[in-house]
Amino acid sequence: MTSTLSSQSNDEDLAVNSRPSASGRFGRYGGQYVPETLMPALAELEEAAIAAWQDTSFTNELNHLLSTYVGRATPLYEAKRLTQHYCRNEAGARIWLKREDLNHTGAHKINNALGQALLALRMGKKRIIAETGAGQHGVATATVCARFGLKCVIYMGQEDMRRQALNVFRMKLLGAKVQPVTAGTATLKDATSEAIRDWVTNVETTHYILGSVAGPHPYPMLVRDFHAVIGEETKRQCYEAFGRLPDVLMACVGGGSNAMGLFHPFVQDSSVRMIGVEAAGDGISTGRHAATITQGRVGVLHGAMSFLLQDQDGQVQEAHSISAGLDYPGVGPEHSFLSEIGRAEYFAVTDHEALEALQLVSQLEGIIPALETAHAFAWLKNLCPTLEPGTEVVINCSGRGDKDVNTVAEKLGNKF
Amino acid sequence: MAFKNDSLELKTQTGFLISSCFEQLQKKDRIALMPFLMAGDPSLKITAELLLRLQDCGVDMIELGVPYSDPLADGPVIQEAASRALKSGTTINGILEMLTALKGKLSIPIILFTYSNPLLNRGMDTFCATAADAGVSGLVVPDLPLEEAERLSVLALEKRIELVLLVAPTTPKERMTRISSRSKGFTYLVSVTGVTGERSVMEDRVGHLVKELKQLSSKPVAVGFGISGPKQVRQVREWGADGAIVGSALVKRIANSSPGREVDEAILFCRELLEEVN
């Protein structure tokens, strides 16, 4: 290892092979806090994943489908008008977009859904369940289930079903059953709890395609590895475009799957700054937000130890964000780890800032980003003034905004 | 009751009330009836009354649920009970204060059923110390499997609290051996592949699991999740288990009682169940 990171970071912790550790930990984060019923299934899943990655028939099929079905590689696009807007100086920074919004189904989520569906087939599981917030992971899962003829049940909070009616319809059209969840806050947190309960009950026949780098080990590793293709392509494309590594990577973070997919192949490249942008909702000071790393404390949610929005009694708190995909009181354990050792930085932007960025990117680049993605764009106004000339910035344009037009129209009211 | 005095004496001798309770029961050739209550549902005042009255009615131990916002292992009945308890303002401090106030009156083992996060939020050390001060004898943490439980088990034992581990129908035999050897007090056999809640019939494979567990270790085995009435308590006894845990069925009975009748309804139900333990 040639890591030049700050002394508090442990070289071994950063070695790709040992992250997570054998017990599924990223430093102190991660682990397996689940009912005993699931432990054998988690062990089976981990073994299946390890064997699959070593099996060229699996990787060949995955790569073939990523190319012919998903539409990879996605372009690395130079956003010249956005660059002009934020970095007016000729020699200023340049902004690049990793166009995950161009994937089949409109977001990065399908990278993982496809990989896990192939794993489910290897394990002989014919029934698939998943949770969804914005509906992007639900749509991606319903899509691959249709593609492989797997039975599919998607758990979705009733509040999110209202906010994301278009995606609900897409899932139904794809043949999935969308199961409304009314418990608790009726959002992603509760949909995830309900999916885990289904899995506890049907574990012998069912595979749970968890949609973020969250949940019990091996999910944070599994989901990250299926999304790492984002960062791998980006690295190659940066060399092609400007002959070196990028200087800054930026992505929105709810659970953190698109960010982790972009960051992962760069973690050991210590010259590359990594920035995750969380949802500050109405504003951090209002208490109505989803800024888990910025504001949370260490706790356990959905099987993993990580940062968590919780009250003083250890009860999980309601998150708030205009974006259903970021409206989650937890965060993937590896992000908590990268934050703790100072390898990645995390900030938060409000609903209002995200809405502004969404309009700006739409009007300057002809790309309507998802509300989730707009959070990453919104940080540009804070970041760009601080950058040296010649800085290369890559933003993960993780999803497209078609699903959000109703929400945006509602929020902007008569401005349209 | 003579039995209660025996177990109190044993606590002062060995300090482990749950283990002693099972020893006593085995001598009497009966199984333990362990009702589950959600603390604070409908109020902590009623929970306190339920604890004392259930003790008087002859139950052997009580599993007391700490309400949690995201109870992954629980079905709708206990989820709703937890929501009601949280809405009524129930906190861990409140529960422990209630138990502290009952010290001296409550002599049967109290086993706290809590999810990991409220426990870790306080710190394992502090949690065990305060629970022990409140007279708690055991802990069940449904989302803390063997791998994550080791440290808590040691810390709890230092405070004379037994950490009970769970075995599920999906647990492979070799793992079952490790769990039952590290579980304290008894081994909690989850009788269904699923969350808590009543089931009309218990699967035959539970009988095999009980036998298997009894062969693997001399530790008592208590069966929980899915026991809905006297018939199943009898069934559990016939299979050779040492205890029956009744949760959702009792919680539902309490929830469906008219206000003021909660305790009486719970007693009526537990009396029916107690007829099957001998």
Side-chain angles (χ1 to χ4, degrees), chain A residues 22-25 28 30-44 181-185 189-206 215-217 296-306 308-318 329-330, chain B residues 66-76 79-80 82-83 85-86 89-95 114-123 127 141-150 165-172 174-176 179 183 187-197 225:
Chain A
S23 59
R25 296 273 178 177
R28 63 176 159 151
Q32 295 177 310
Y33 297 85
V34 292
E36 169 62 22
T37 309
L38 293 181
M39 292 301 285
L42 292 173
E44 180 197 6
V181 177
T182 54
T185 55
K189 160 180 94 85
D190 309 286
T192 307
S193 295
E194 209 48 43
I196 293 175
R197 290 188 191 108
D198 179 314
W199 202 34
V200 171
T201 308
N202 301 298
V203 63
E204 286 153 308
T205 58
T206 298
H217 176 69
R297 284 185 295 121
V298 177
V300 167
L301 178 64
H302 297 141
M305 182 175 284
S306 193
L308 177 61
L309 299 178
Q310 56 184 321
D311 70 12
Q312 56 176 9
D313 222 26
Q315 305 292 346
V316 181
Q317 280 175 320
E318 196 176 342
Chain B
V66 175
Y68 179 51
S69 54
D70 295 80
L72 287 184
D74 285 306
Q79 280 178 51
E80 284 159 20
S83 297
L86 289 173
T90 310
T91 61
I92 299 175
N93 280 341
I95 295 167
T114 178
Y115 284 85
S116 301
N117 197 54
L119 191 157
L120 296 173
N121 179 58
R122 303 208 134 199
F127 189 95
V141 188
D143 60 347
L144 202 71
L146 179 65
E147 287 73 5
E148 313 287 355
E150 206 154 324
L165 301 181
L166 299 91
V167 160
T170 53
T171 309
E174 177 274 336
R175 183 174 168 83
M176 219 181 239
I179 294 173
S183 187
T187 307
Y188 191 135
L189 174 61
V190 175
S191 72
V192 292
T193 306
V195 294
T196 58
F225 285 42

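We use all heavy atoms of the structure for the numbers below, so side chains are in, but hydrogens, waters and symmetry mates are not. Every chain is numbered from 1, with letters handed out A, B, ... down the list of sequences.
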Is the side chain of [X] donor-acceptor paired with the backbone N or O of [Y] at a distance under 3.5 Å, no angle test?
X	Y	answer
T37(A)	A168(B)	no
D313(A)	I92(B)	yes
Q315(A)	P67(B)	yes

Tell me if the CD atom of E150(B) is crowded by more than 12 foreign heavy atoms within 6.0 Å. no

To check you understand the geometry: which heavy-atom pair defines the closest contact between [X] and [Y], and what is its length?
X	Y	result
D70(B)	K189(A)	OD2-NZ, 3.0 Å
S69(B)	V316(A)	OG-N, 2.9 Å
V203(A)	T193(B)	CG1-CG2, 3.7 Å
N117(B)	Q310(A)	ND2-OE1, 2.9 Å
S116(B)	Y33(A)	OG-CD2, 3.7 Å

Is chain B contacted by the side chain of [X], its backbone, both, or neither, given a heavy-atom distance below 4.5 Å?
X	value
E194(A)	side chain
A41(A)	neither
P40(A)	side chain

[X] portion near chain A, given a 4.5 angstrom heavy-atom threshold:
X	answer
V141(B)	neither
P71(B)	both
L120(B)	side chain
I179(B)	side chain
E80(B)	neither
L119(B)	neither

Could you tell me if the side chain of [Y] sits less than 4.5 Å from the side chain of [X], heavy atoms only?
X	Y	result
V200(A)	L72(B)	no
N121(B)	R297(A)	yes
M39(A)	T170(B)	no
E148(B)	M305(A)	no

Residues E36(A) and T171(B): side-chain donor-acceptor under 3.5 angstrom: yes

